[in-house]
Amino acid sequence: MALAKLGVVVLDCPDPRALAGFYAEVLGGAVEGEGDWVDLKVPGGTALAFQRAPGFVPPKWPAADASQQFHLDLTVDDLDAAERGVLALGAKPLAEPGGRSFRVYADPAGHPFCLCAC
């Protein structure tokens, strides 16, 4: 028997509403909330939450002295189309482009995420 269930993954960032908007464009869903805490709601619940973190310093990828701690793997049907979309929304590539099974980016606040072919 599990001791707990996952409530939500929370990303620290300098601007919760802006980062929630980025992920709403990538994943779909609705941005809810203002100020220091914003949720991204998708059918079935909350997908992600975003919390204002004064002095936020984004992780570096790859760098042992500023570890990424975790990253999001987002599955897509078409890597090329998804790549064009996230780049247009402000993502930055973190690895050589053109990977066949996955590609690595930073969101506008600097959190690493991957687009992964289904």
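No hydrogens, no waters, no symmetry mates; every other heavy atom, side chains included, goes into these values. Everything quoted here is computed from the prediction, not taken from an experiment.
Annotation: side chain to side chain donor-acceptor pair (under 3.5 Å) contacts of Arg84 (sequence neighbours excluded): none. Residues forming a side chain to side chain donor-acceptor pair (under 3.5 Å) with Asp73 (at least two apart in sequence, or on another chain): His71. For Leu87, the side chain to side chain contact (heavy atoms under 4.5 Å, CB included) partners are Glu83, Pro93, Tyr105, not counting sequence neighbours.
Checked by atom type and distance alone, the side chain of Asp107 pairs as donor or acceptor with a backbone atom of Ala109 at under 3.5 Å. A donor-acceptor distance shorter than 3.5 angstrom exists from the side chain of Arg17 to the backbone of Gly33, with no hydrogens or angles considered.
Neither Leu72 nor Val10 shares a network with the other; the hydrophobic side chains, linked directly or stepwise wherever heavy atoms of I, L, V, M, F, W or Y lie under 4.5 Å apart, form separate groups for each. The same ILVMFWY cluster, assembled from side-chain heavy atoms under 4.5 Å apart, contains both Leu27 and Val86. By the rule that hydrophobic residues join a cluster once side-chain heavy atoms approach within less than 4.5 Å of another member, Val9 and Phe22 end up as members of one cluster.
Smallest separation of non-hydrogen atoms from Val76 and Ala82: CG1-CB, 3.7 Å. Gly29 approaches Val42 most closely through the heavy-atom pair CA-CG1, 4.1 Å. Shown here for Ala49 and Val8, the closest heavy-atom pair between the two residues is N-CG2, 3.6 Å. Here the shortest heavy-atom pairing between Pro16 and Gly35 reads CG-O, 3.6 Å. Counting all heavy atoms, side chain and backbone alike, Phe113 lies closest to Ala91 at CZ-CB, 4.0 Å.
Distance CD/Glu32 to CG/Asp39: 6.5 Å, rounded to 0.5 Å. One distance of note links CZ of Arg100 with CG of Leu79; it measures 10.5 Å at 0.5 Å rounding.
Ring-plane geometry between Tyr23 and Phe50 is classed as parallel, the angle between the planes falling under 30 degrees on a 0 to 90 degree scale with a further cut at 60.
Test Leu19, Val38, Asp36 against Arg52 for side-chain contact (heavy atoms from CB on, under 4.5 Å) and you get one pass: Asp36.
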